[in-house]
Number of protein chains: 2
Amino acid sequence: MTESSALRTDRYELTMVDAAIQSGTADRECMFEAFARRLPDGRRYGVLAGTGRLLEQIRRFRFTDAELAWLRDEHVVRQPTLDWLADYRFSGNIWGYQEGEIYFPGSPLLLVDATFAEGVVLETIILSVLNYDTSVASAAARMVSVGRGRPIAEMGSRRTSEHAAVAAARAAYIAGFAATSNLEAGRTWGVPTMGTAAHSFTLLHDTEEEAFQAQIDAVGPDTTLLVDTYDIARGIERAVRVAGTELGSIRIDSGDLPTVVAAARAQLDDLGAVNTKITVTSDLDEYAIAALAAVPVDAYGVGTSVVTGSGSPAAGMVYKLVAHKDDAGAWVPVAKTSASKESVGGRKDAVRGIDAGGIARREIVVVGQGPAATDDGDEPGADAEIAGERQLLVPLVTGGEIDERYLGAEGTRRAREHHATAMAELPVQAFRLGRGDPVIPTVYR
Amino acid sequence: MTESSALRTDRYELTMVDAAIQSGTADRECMFEAFARRLPDGRRYGVLAGTGRLLEQIRRFRFTDAELAWLRDEHVVRQPTLDWLADYRFSGNIWGYQEGEIYFPGSPLLLVDATFAEGVVLETIILSVLNYDTSVASAAARMVSVGRGRPIAEMGSRRTSEHAAVAAARAAYIAGFAATSNLEAGRTWGVPTMGTAAHSFTLLHDTEEEAFQAQIDAVGPDTTLLVDTYDIARGIERAVRVAGTELGSIRIDSGDLPTVVAAARAQLDDLGAVNTKITVTSDLDEYAIAALAAVPVDAYGVGTSVVTGSGSPAAGMVYKLVAHKDDAGAWVPVAKTSASKESVGGRKDAVRGIDAGGIARREIVVVGQGPAATDDGDEPGADAEIAGERQLLVPLVTGGEIDERYLGAEGTRRAREHHATAMAELPVQAFRLGRGDPVIPTVYR
């Protein structure tokens, strides 16, 4: 299954290559940069996700006969460009923040060093993958941080498109979710999968008891019974009668949760099902989860809000040419000067300034040197608050060779671990849900 | 390329099949219904999209050896269920609102008549496709209606995940957009594609003139030059100098658009480029487009807002069991009674009540008879305002056979035409942008 990803691309990427081949500029060495000018409204940090998926997409970015024939028939580009596309393999270098990393406005999240033509054709696929996955991970991290260690499962596959669902499950897992309902995310990315039952299963049976019995017969009492199809109190009574006090969990998907959950806990305890857990799943988001902190919930299931970025369904990342080499081989910084959409030209490096207590204090963007040129642990210079610096850019693709450690289930697990480490550095103010400024400033050096 | 869609599914769909096979209820004939309890906040109508894509996904919903091996290894379901999945082909009936149709709260948008097991395994894929595509089409239709006939291009591929981008381009086209930047949408669904150039192309060249010249050399003067990389007035002057007064169009992507566009129009006219069009593309949504009604814009490009449903990125559709047959073969209506999530049980039909002037006045949901049982043009009975009724449900799948007319580019074109017809029936109040109630009431009969 090596479906080409090459036409998941804006037409202008190819017509720009066409024009650049015509004008002789296609082979100029360029540095492109993906970054976000700002965080979503009122957020204090963002979480980069999608890198592992992106690297797979870049690997599949091939113009096969089928793509070339369509481009020819549609007169999208001319023959020299078709020939160039036929041979297309990305042969440049890519550096990026590690997947799962925290970011701030202006963080140089991905740096692509390639000819203009090689770099520009990847623009759409880079932004599609990173914008969506990052929006999900950024929302998910906030839910995890207010979840106080209670496991959260991603259940939103039905609230985003069918492929995005798989990406969302992966991004939420990277940001600390415990599991997903999406089977393809399990198969492709190694995310643990889980599931309960739907109301339709109860309604299919002539009585609620029969439905519960069928589920217990199939998977044993250590399952989750959905108890709110008719009446929650009667549902719980029937659930424990059928499953016994060994019942693993009940799920509640409706009602005023603080009240309903407290009553359910008391009822379960009265019935002797003191170890039966309570999972809630009704239109939860980070605010609803925070409001349930003092309620005896054991696990959350989150759908719509996480897969749609909880109000910010696209991370707002852009991909800009920041430098190209002149004929003498020297890098020339470039930037547009359009009103309210300024960029900082030039090749970047980035480090996180850490204080003596191990807490992040600055996002430091180093302009003018190449990526990953700043030593880890550089002396902080004049900034007395900063005791050390952590290098943020890692090589992802070198001379066209993808670093395999970032791919597949291994890459996903690695990203999840990196995320947990990076989150531990954030100042506590980062975890306030209310609107605010980025928790650390971005400074240019 | 017949990639299986079968694991883009919530785990519980399969474990419910497993339990139902165990309990002997898997083969009960059921009617499932997809509907939305409400429209997105303040919207006056919704636009159904995704049907053609969904039918392709159902065709590809096959458990091949690869899927079965993974499910076995993960112990998701037991052997009898694996055997059943291996043979899975949807063999039931599906009716639906035609793609592109307008809908209201409670409209029975998709009806699936099949055994419990056959119907329940499609739940996730049905909702994933319909919720996303419908959210895009519903937003797009509002933009088209305030666009006063000016063409709108969908350019949001980079603001949604890479497969969703293709679906979004298709859904926006169904809702009346003129074109998309997404090449795969052109290839797969026959959506017209278009493109201009990015700021990076200008920045690549040593001067703006050289960039413009390269683009003109490649595609001729009937192209769109992006004039706001440095200074818009100078950009326009250079564009006309290089391309001549035959220049097709300029694109402006920044600045205070009413002011900037008026100045650009005056400048183009002064330069003699009276036929050169102006395309604007800066973070537009339906409100921004409405605000530009009196400004001499010729075409719009819309990105983020359309592909993310303009604030409502998931349509909120649910898929519920509404009836099953009892052992005697009679249909038994079922519905859960959970707080604030009630459903109306029973098999539905639906017609739109039209007044003597051809304007829609009621969404009439007929409960208790099967789908498409109500005659087109039924006598309206006691409702004096209604002069006629239009049947809303069409057969999409009959005994497992998909109606081919709804697939591919033909189905997409058909949906676009149907949408235009259905929109023409709406009362004028539907086109107000401000928040309000559904423009016609849903009544149950």
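When heavy atoms are compared at a cutoff of 4.5 Å, B:Leu71 approaches chain A solely by way of its side chain, counted from C-beta outward. Interface remark: A:Glu210 contributes no atoms to any contact with chain B (heavy atom separation under 4.5 Å). For B:Ile125, the part lying under 4.5 angstrom from a heavy atom of chain A is the side chain only. Neither the backbone nor the side chain of B:Tyr319 comes within less than 4.5 Å of any heavy atom of chain A. Both the backbone and the side chain of B:Val129 come within less than 4.5 Å of a heavy atom of chain A. Contact annotation for B:Ala335: only backbone heavy atoms (N, CA, C, O) come within less than 4.5 Å of a heavy atom of chain A. Using a 4.5 Å cut-off between heavy atoms, B:Ile216 makes no contact with chain A at all.
Remark: the B:Tyr230 side chain and the B:Thr202 side chain contain no N/O donor-acceptor pair separated by less than 3.5 Å. Remark: the A:Asp253 side chain and the A:Thr281 side chain contain an N/O donor-acceptor pair separated by less than 3.5 Å. For the residue pair B:Thr196/B:Arg251, the side-chain donor-acceptor check at 3.5 Å is satisfied.
Annotation: maximal heavy-atom pairing with chain B below 4.5 Å, among A:Asp18, A:Leu127, A:Leu204, A:Asp133, occurs at A:Leu204. For chain A, the option among B:Ala168, B:Ala218, B:Gly316 with the highest count of heavy-atom pairs below 4.5 Å is B:Ala218. Of the listed residues (A:Thr15, A:Val322, A:Asp217, A:Thr304), the one with the most heavy-atom contacts under 4.5 Å to chain B is A:Asp217. Top candidate by heavy-atom pairs under 4.5 Å with chain B, chosen from A:Ser128, A:Gly186, A:Gly195, A:Ala20, is A:Ser128. Counting heavy-atom pairs closer than 4.5 Å to chain B, the top residue among A:Ala197, A:Ser157, A:Ala164 is A:Ala197. Of all the listed residues (B:Ala314, B:Ser23, B:Ser200), the one sharing the greatest number of non-hydrogen pairs under 4.5 Å with chain A is B:Ser200. Ranked by heavy-atom pairs under 4.5 Å with chain A, the first of B:Thr193, B:Leu203, B:Asp73, B:Val334 is B:Leu203. With respect to chain B, the highest number of heavy-atom pairs below 4.5 Å among A:Val318, A:Leu183, A:Thr81 belongs to A:Leu183. With chain A as the partner, the residue from B:Met317, B:His324, B:Glu74, B:Lys320 showing the most heavy-atom pairs under 4.5 Å is B:His324. The candidate with the highest count of non-hydrogen atom pairs below 4.5 Å against chain A, out of B:Ala211, B:Ala214, B:Ala198, is B:Ala198. When each of B:Gln213, B:Gln215, B:Glu13, B:Met194 is scored by its heavy-atom pairs under 4.5 Å with chain A, the top score falls to B:Met194. Chain B forms the most heavy-atom pairs under 4.5 Å with one residue out of A:Arg11, A:His205, A:Gln57, A:Glu184, and that residue is A:Arg11.
Judged purely by atom type and a 3.5 angstrom limit, B:Asn131 has no side-chain atom pairing as donor or acceptor with the backbone of A:Arg159. Looking only at distances, a side-chain donor or acceptor of A:Thr9 sits under 3.5 Å from a matching main-chain atom of A:Ala6.
Salt-bridge annotation for A:Asp206 and B:Arg28: present, with a side-chain N of the basic residue lying under 4.0 Å from a carboxylate O of the acidic one. Using a cut-off of 4.0 Å between Lys/Arg side-chain N and Asp/Glu carboxylate O, B:Glu29 and B:Lys325 are scored as salt-bridged. Taking 4.0 Å as the cut-off between side-chain N and carboxylate O, A:Glu208 and A:Arg234 do not count as a salt-bridged pair.
Separation of atoms CD1 (B:Ile126) and CZ (B:Phe61) is listed at 9.0 Å; rounding is to 0.5 Å. Of the inter-residue distances, the one linking A:Leu130 atom CG with A:Leu54 atom CG reads 5.5 Å to the nearest 0.5 angstrom.
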Between A:Phe116 and A:Phe32, does a side chain to side chain contact (heavy atoms under 4.5 Å, CB included) hold up when you go through it step by step?
CA-CA 9 Å; A:Phe116 176 76; A:Phe32 293 90; 3.7 Å; yes
Does B:Thr115 form a side chain to side chain contact (heavy atoms under 4.5 Å, CB included) with B:Cys30? I'd like the steps, not just the answer. CA-CA 5 Å; B:Thr115 66; B:Cys30 288; over 6 Å; no
